[in-house]
Undergrad: 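Have a look at the structure that comes next, please.
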2 protein chains.
Amino acid sequence: MVQCINAPLDRTFAALSDATRRGIIEQLARADASITSLADHFQMTLTGMKKHVQVLERAGLVITQKVGRVRTCTLGTRSLSAEAEWIEAYRMLFEARFEALDEIISEMTQEENDGAAGH
Amino acid sequence: MVQCINAPLDRTFAALSDATRRGIIEQLARADASITSLADHFQMTLTGMKKHVQVLERAGLVITQKVGRVRTCTLGTRSLSAEAEWIEAYRMLFEARFEALDEIISEMTQEENDGAAGH
DNA sequence: GATACACTGAACCATATGGTTCAGTGTCTA
DNA sequence: TAGACACTGAACCATATGGTTCAGTGTATC
């Protein structure tokens with residue numbers, strides 16, 4: 001196996017693959033919130049919301065703390081740097097391919113011009 | 001519902017949440033490959049590999065073309081810009097929170113200093 | 001102390017995911 | 001034309017996901 005098995009990356013991308021969870025993150029970026037208020041906002045049962053929050057928590061994107069009977073959700077301490085890095089690396093590869101293509105094209109153009117000069 | 005339902009974002013993040021699929025992308029960044037060669041590289045059945053490639057294809061990350069009996073997989077035309085933007089927006093929110101925290105802390109320090117000066 | 005509130009856990013359901021095997025179909029190649 | 005090769009599709013399996021209901025447990029509040 002060549003590919004690196006990176007469970008945190010797995011979990012984070014999986015956590016981000018759901019619109020509700022991305023919405024929760026956007027919501028928490030504005031202000032901390034309880035499970036109840038989030039469930040209310042996303043029109044979902046408490047239990048359903050708790051599951052989403054757990055997924056986000058496992059991915060390190062959200063931190064929760066229970067005080068009294070209220071569990072407050074806060075944006076986590078991770079800045080998604082590993083994920084940003086992966087995507088950035090991909091984009092660089094992607095750009096590199098186009099640059100390579102550009103090179104090939106310019107080489108071809110060069111050859112064409114040389115060929116034209118030769119005639 | 002406030003959150004934006006963004007199916008492409010869903011599909012891309014879901015596609016990236018699997019280490020094998022990230023490996024396939026890395027592999028295709030080096031060179032185009034057939035289903036067979038990918039299946040071989042990742043020690044998986046052809047059928048299994050085809051499913052992974054289909055997931056990547058649906059997410060627009062990979063393009064495939066069948067010539068003769070060989071289906072060749074190429075890196076897609078998408079540069080993951082929407083995904084990079086989402087993550088960047090998140091990181092800005094994240095940083096903003098720390099800046100706000102910094103402000104609060106500096107305000108607190110200011111007050112402390114003022115208090116010390118008052119004594 | 002009764003009642004309402006906020007969450008929790010178990011159980012259930014439908015569907016998706018990640019993999020397999022097996023039986024084709026179509027394409028090279030000797 | 002026979003055989004090998006590359007893929008495809010259906011069927012199956014175990015597990016995960018995204019949701020629900022229902023029955024608690026613990027905490028505020030009147």
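Just the heavy atoms: all of them, side chains too, but no hydrogens, waters or symmetry mates, feed the values below. Quick note on labels: first sequence line is chain A, next is B, and so on, each numbered from 1.
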Undergrad: Working to the nearest 0.5 Å, report the span between CD1 of B:I35 and CD of B:Q54.
TA: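 It is 8.0 Å, given to the nearest 0.5 Å.
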Undergrad: What integer distance in Å separates A:D18:CG from C:dA16:P?
TA: 14 Å
Undergrad: Could you please name the option among D:dG18, D:dG19, C:dG19 that lies closest to any side-chain atom of A:R21?
TA: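 Closest of the options to the side chain of A:R21: D:dG18.
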Undergrad: Which whole-number value in Å describes the distance from A:I35 CD1 to C:dT8 P?
TA: 6 Å
Undergrad: What's the CG-P distance between A:D10 and D:dT15, to the nearest Å?
TA: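 About 19 Å, once rounded to whole Å.
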Undergrad: I need the residues from residues 65-75 of chain B with at least one non-hydrogen atom less than 4.0 Å from DNA chain C; give them sorted by number, or say none.
TA: B:G68, B:R69
Undergrad: Starting at CZ of B:F42 and ending at C1' of C:dG18, how long is that distance when rounded to a whole Å?
TA: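 Going from CZ in B:F42 over to C1' in C:dG18 covers 15 Å.
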Undergrad: How long is the span from the CG atom in B:D10 to the CZ atom in A:R22, to the nearest 0.5 Å?
TA: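 These two atoms lie 4.5 Å from each other.
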Undergrad: Taking it one step at a time, do B:E26 and A:W86 satisfy side chain to side chain donor-acceptor pair (under 3.5 Å)?
TA: CA-CA 10 Å; B:E26 283 164 19; A:W86 196 94; 3.2 Å; yes
Undergrad: Taking side chain as C-beta onward, heavy atoms only, is A:I63 less than 4.5 Å from A:C73?
TA: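 Not in contact.
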Undergrad: Using nucleotides 9-11 of chain C, report all nitrogen or oxygen pairs with the protein that are shorter than 3.5 Å.
TA:
residue : atom : partner : partner atom : Å
C:dG9   : O6   : A:T47   : OG1          : 3.0

Undergrad: Identify which one of B:L61, B:V55, B:L16, B:V53 satisfies the side-chain contact (heavy atoms from CB on, under 4.5 Å) criterion when paired with B:R21.
TA: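 The option that passes is B:V55.
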Undergrad: Check the distance between C:dG19's C1' and B:Q43's CD and give it to me in whole angstrom.
TA: 14 Å
Undergrad: Are the side chains of B:S81 and A:R91 in contact, using a 4.5 Å heavy-atom criterion?
TA: yes
Undergrad: A:T72: which residues meet the side chain to side chain contact (heavy atoms under 4.5 Å, CB included) condition with it, sequence neighbours left out?
TA: A:D32, A:V70
Undergrad: Quickly work out the A:H52 NE2 to D:dA16 C1' distance and round it to whole Å.
TA: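 Going from A:H52 (NE2) to D:dA16 (C1'), I get 14 Å.
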Undergrad: Would you say A:T45 reaches D:dT20's phosphate, i.e. side-chain N/O to OP1/OP2 under 4.0 Å?
TA: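 True: A:T45 side-chain N/O within range (under 4.0 Å) of D:dT20 OP1/OP2.
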Undergrad: With nearest nucleotides of DNA chain D determined for A:A14 and A:M44 from heavy-atom distances, which residue corresponds to the more 5′ nucleotide?
TA: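 Between the two, 5'-proximity favours A:A14.
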Undergrad: Could you go through the side chain to side chain contact (heavy atoms under 4.5 Å, CB included) check for A:L38 and A:H52 one step at a time?
TA: CA-CA 10 Å; A:L38 287 172; A:H52 277 304; over 6 Å; no
Undergrad: What's the CG-P distance between A:L38 and C:dT8, to the nearest Å?
TA: 12 Å
Undergrad: When you look at B:L9 and B:E83, which way does the side chain to side chain contact (heavy atoms under 4.5 Å, CB included) test go after all the steps?
TA: CA-CA 7 Å; B:L9 218 52; B:E83 293 70 27; 3.4 Å; yes
Undergrad: Rounded to whole angstrom units, what separation is found between the CG atom of A:L56 and the P atom of D:dT17?
TA: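 Rounded to the whole Å, the gap is 12 Å.
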Undergrad: Give one of base, sugar-phosphate or nothing for A:L46, where a contact means two heavy atoms less than 4.0 Å apart.
TA: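 Touches a base.
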Undergrad: Return whichever of A:R58 or B:S34 has its heavy-atom-nearest nucleotide of DNA chain D closer to the 5' end.
TA: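 Nearer the 5' end of the strand: B:S34.
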